[in-house]
Asks: 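Below you'll find the structure I mean.
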Amino acid sequence: MRIERIELHHIKMRLKNTFITSFGEELDRECLLVRVYSEGLDGWGECVATRVPGFSYETVETAWHVLRDFFIPAILNRPISHPRELKQHLQAYKGHPLARAGLEMALWDIGGKLDGKCLRELFGGEKHSVPVGVSVGIQENPEAMIAKVGEYLQLGYGRIKIKIKPSADMEVASAVRDRYPDINLQVDANSAYALSDAPLFKDLDSLDLSMIEQPLAEDDLIDHAALQAQIKTPLCLDESIRNQRHAGQAIAIEACRVINIKSGRVGGLTEAIAIHDCCLREGVPVWCGGMLETGIGRAANLALASLPGFTLPGDISASDRYYDPDIAEPRFMLNSDSTIDVPDRPGLGVDVLPEELERVTVKVDVLT
Ligand code: OSB
Ligand code: MG
């Protein structure tokens, strides 16, 4: 295919609830959409960079800059036969995985449409529905967290992840465990701790958590390995795993026993699949993380999670957990067994709704 035109859309969407983590708060989520055109068709990608460099150093503005000035000119009007070739086209450039991943997703979408195949088929995924859970942001106090968790359990989510931070950790996690002794519960610290906090993590061992996600600094596999050796609960890495090599090294030194795979964080779906393949070979279970995506990124997450190594429930909740309305159709619904169906129409399998898109658009740029 030859990409003839690319649009960048900076959008801003109101979340149903403020999402609070150890690194910040989000109510009006901003992100970039990438729309590519070829042979009379179009494809969409979602770049999950946010307004603030909280989860990643990238922001909506840095992603806009590197996409417009470097990444897009490197592929516009040049032959590209498969999305995985994007890596070669961008090899002169360092970093900016979230920006890369947004562009690559659009290539997967249009590539699938040109081939008449859904992403699940292109990836070799087997599952037609995937187990999912919900990620619950930090709440005012343990009672409020218990109430929020209760709402999501009521809706049918079979796995709950709660965010923790210093000052809101053991007390809130043990309160949720006391109230719901049998649920599948995990916590995510988003790098808020140091190895000197090991006593806290030893205490968390008593709560029968399925895992503790990213407790320590993102650039510190060694300390994660030291912590894992001291506790029984499996560690799961998110921010620390930026490519397949990191995954292999983290597994080799037992810095974690589980990996959260996010296509944005690792520079695209191609690298995400490579990490999945590595973990499957090593017998390390993975799950698909989330970045509060619109229906576009959510569709890609579902396709990724259809691969066989994604044995644990992902942070892929139903559309109505995040946005009402969303900018794409069909909306994703939770099945009664806490799964969501993987789209099966060509490409991502979703249609962007022009009026909804218009309503949330901050600015647009067209590159030809
Ligand atoms: O650490 O997994 C995370 C959202 C934004 C940034 C980082 C994270 C998250 C989530 C939400 O936990 C997952 C989702 O429901 O999309
Ligand atoms: Mg995380």
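Counting starts at 1 for both ligands and their atoms, in listed order. Note that the structure is a prediction, hence the values are computed from the model and not measured.
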Asks: Look at the aromatic rings of His96 and Tyr57 and report parallel, tilted or perpendicular, splitting at 30° and 60°.
Replies: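 The rings of His96 and Tyr57 stand perpendicular, inter-plane angle above 60°.
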Asks: Under 3.5 Å, which donor-acceptor pairs do the side chains of residues 150-158 form with other protein atoms, sequence neighbours left out?
Replies:
residue: Glu151; atom: OE1; partner: Lys148; partner atom: NZ; Å: 3.2
residue: Tyr157; atom: OH; partner: Ala318; partner atom: N; Å: 3.0

Asks: Answer yes or no for Lys262: is there a heavy-atom contact with ligand 1 below 4.0 Å?
Replies: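 A heavy atom of Lys262 does come that close to ligand 1.
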Asks: Indicate whether the side chain of Glu46 and that of Thr294 have a donor and an acceptor atom separated by less than 3.5 Å.
Replies: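 Checked: Glu46/Thr294 side chains pair up, N/O donor to acceptor below 3.5 Å.
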Asks: Could you please tell me which protein N, O or S atoms lie under 2.8 Å from the Mg ion (ligand 2)?
Replies: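 Listed by chain and number, the nearby protein N, O or S atoms are Asp188 OD2, Glu213 OE2, Asp238 OD2.
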Asks: Should the pair Lys262-Asp238 be classified as a salt bridge under the 4.0 Å nitrogen-to-oxygen rule?
Replies: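 Salt bridge flag = yes for Asp238 with Lys262.
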Asks: Does the residue Glu239 have a heavy-atom contact with ligand 1, meaning some pair of atoms that are separated by less than 4.0 Å?
Replies: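 Glu239: no contact with ligand 1 (<4.0 Å).
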Asks: Check the side chains of His9 and Glu7 for a donor-acceptor pair under 3.5 angstrom, ignoring hydrogens and angles.
Replies: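 Side-chain D/A pair, Glu7 to His9: present.
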Asks: Judged by non-hydrogen atoms, does Glu213 sit under 4.0 Å from ligand 1?
Replies: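 Yes, that is the case, since the closest heavy atom of the residue is under 4.0 Å from the ligand.
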Asks: For ligand 1, is any non-hydrogen atom under 4.0 Å from Asp188's backbone (N, CA, C, O), its side chain (CB onward), both, or neither?
Replies: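 The answer is the side chain.
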Asks: Can you list the residues that meet the side chain to side chain donor-acceptor pair (under 3.5 Å) rule with Glu30, with sequence neighbours excluded?
Replies: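 Here the qualifying residues are His10.
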Asks: If you look only at pairs with a residue in residues 163-184, which of them pass as a ring-ring contact (aromatic ring centres under 6.0 Å, His included), with sequence neighbours excluded?
Replies: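 Sorted pair list comes back empty.
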